[in-house]
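Data first, discussion second: the structure below is written as structure tokens.
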Amino acid sequence: MDIQEVHYYYTTDIENNSVRTHYRIIETNGDESTLRIEGAESNRHYQEIQEWVAAGNTITDPGE
Amino acid sequence: MPLNTIPNKGLTSRGYPSDRLVTPLIINGDMSVAQRGTSSSSVSGNGYFASDRFKNIISSLGTWTVSQSTDVPTGQGFVTSLKMDCTTADASPSASDNNVVAQIIEGQNAQLLKKGTSNAESVTLSFWVKSNKTGTYICELYDVDNTRQISQAYTISSSNTWEKKTLSYVGDTTGTLDNDNGASLQLNFFLATGSDRSSGTLSTTWTSVTNANRAVGQVNLADSTSNEWYVTGVQLEVGEFDSTTIPSFPFESYTSNLTKCSRYYTEINQNGANGWRTFPGRISGTTDVENIGVTLPTFLRTGNPTVTKSGSCVAQVWDENGYHATSAGGGTFSILTDSGNSTPYLHCKQTGFTGLHNEGAGNISFVLGTPSIAVDAEL
């Protein structure tokens, strides 16, 4: 996965509250991936996000 | 006699290609399934690029075309191999550089090895290999849970000639493997490495990892753009065998192999020009479709896969207001948080529409026009 941008992604819960639930990953080829934050540690791309952040990049938070 | 060598005569009499039960250790050992595509160029990092389940782990050691090749050993029943073709050489690797082809095995699939007990099983690795680059290569078993490893060397003796290799590894009475769906045991085919992993003495018994002892003597396959390396027929058998006693390769039907691979990766693709994929969904507001029920070929390894939507994917809906479509790559496709961990089914959501009929009733379809959605639960 060639990460260009990572954003937090919000969805609404059963009470219609906006909740930060996913990572949204934009790749350099234009593909878009999503990964749930809950339980992400079991996903190999979570580690790639951590490495991308460790390299000095920042996850964008668009807010609720 | 190890379980995996029990003759399965009833099946063979009905025409099955294998004469015995199949171990769960190596998946797609004949390289026949390549869902991501048959060739990927400019590979210089980690990932899955051609044959399913075989991962390239590359750290600053050459650039490669990774492909599913039809160059196979004659008369063995194989039709595909995994090919590594060096396109940018690195004749002088730095100490930490590394290049490995690996398969990572779930802990729950490796419990039959009884690792970490007094009854720990030996295993034997067998495979066919071919390269123009002769010399010593290293195959390693790496215990991810306990950071232990064991390596064995093999020699490619004849340039550009298919050779069958058989390597035995003793059982490990230390370090049990987690009985879960995480990475526990990793088979590493070293292709090149720097001094960090090769400056010691090769560790041919199970031991806590000392990096310098992992790949001692490994040739540098990355030292020339003329270099190629092929592998197929990878099997990891319980028990000790040699080249004459190793059981035959456990060929499976393509469907069986594909289903096993689909636990780790699957794609939802358009099937032909008008072969749209339609799923039930529920319109939420005027821009979103929720509760899209995506059925999968089998149980995913994890309920939280990465879902990747192609930049050209168009989502389409018909509702009481008519036809609606996102722009190519428009909106976001995600798995809802209530998707289960143990179902061949995902609850998904697609945003990016306009003018939907809120809570519209009736037959609402979610259609993927152009490829694709990739569902990745690989280790």
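Chain identifiers are assigned alphabetically (A, B, ...) following the order of the sequence lines, protein sequences preceding nucleic acid strands; residue numbering begins at 1 within each chain. In this text, all values refer to a predicted model and were calculated from it rather than measured experimentally.
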Discussion item. Can you list everything that forms a ring-ring contact (aromatic ring centres under 6.0 Å, His included) with Tyr265(B)? Sequence neighbours excluded, please.
Written reply: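 Not a single residue meets the ring-ring contact (aromatic ring centres under 6.0 Å, His included) criterion with Tyr265(B).
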Worksheet item: Can you name the closest pair of heavy atoms from Gly47(B) and Arg44(A) and give their distance?
Response: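 Minimum heavy-atom contact is CA-NH1, 4.4 Å.
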Practice prompt. With a 4.5 Å cut-off on heavy-atom pairs, point out which of Pro305(B), Gly182(B), Gly329(B), Ser284(B) contacts chain A the most.
Written response: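 Between Pro305(B), Gly182(B), Gly329(B), Ser284(B), the count favours Pro305(B).
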Worksheet item: So which of Asp376(B), Asn46(B), Leu379(B) has the biggest tally of heavy-atom pairs under 4.5 Å with chain A?
Response: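 Top count of heavy-atom pairs under 4.5 Å with chain A: Asp376(B).
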Can you tell me how far the [atom1] atom of [X] sits from the [atom2] atom of [Y], to the nearest 0.5 Å?
X: Asp288(B); Y: Thr12(A); atom1: CG; atom2: OG1; value: 7.5 Å
X: Ser310(B); Y: Asn29(A); atom1: OG; atom2: CG; value: 8.0 Å
X: Lys349(B); Y: Thr34(A); atom1: NZ; atom2: OG1; value: 11.5 Å
X: Arg36(A); Y: Ile335(B); atom1: CZ; atom2: CD1; value: 6.0 Å
X: His22(A); Y: Asn304(B); atom1: NE2; atom2: CG; value: 7.5 Å

Worksheet item: Which answer fits Tyr9(A), side chain, backbone, both or neither, if we ask what part of it has an atom under 4.5 Å from a heavy atom of chain B?
Response: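 Just the side chain, heavy atoms under 4.5 Å.
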Item to complete: Please look at Glu27(A) and chain B and tell me whether the side chain, the backbone, both or neither of the residue comes under 4.5 angstrom of a heavy atom of that chain.
Response: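 For Glu27(A), side-chain heavy atoms alone lie under 4.5 Å from chain B.
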Item to complete: Look only at the side chain of Asp31(A) and the backbone of Thr308(B), and say whether a donor-acceptor pair between them is shorter than 3.5 Å.
Response: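 No, Asp31(A) side chain to Thr308(B) backbone: no donor-acceptor pair under 3.5 Å.
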Item to complete: Consider only side-chain N and O atoms of Thr306(B) and Asn43(A), and report whether a donor and an acceptor are under 3.5 Å apart.
Response: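 Side-chain D/A pair, Thr306(B) to Asn43(A): present.
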Worksheet item: Picking from His45(A), Arg24(A), Gln47(A), Glu32(A), which has the most non-hydrogen pairs under 4.5 angstrom with chain B?
Response: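 Between His45(A), Arg24(A), Gln47(A), Glu32(A), the count favours Glu32(A).
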Practice prompt. Please flag which part of Asn181(B) lies under 4.5 Å from any non-hydrogen atom of chain A: side chain, backbone, both or neither.
Written response: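 For Asn181(B), no heavy atom lies under 4.5 Å from chain A.
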Worksheet item: Using non-hydrogen atoms only, which part of Thr351(B) is less than 4.5 Å away from chain A: side chain, backbone, both, or neither?
Response: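 Just its side chain gets close to chain A.
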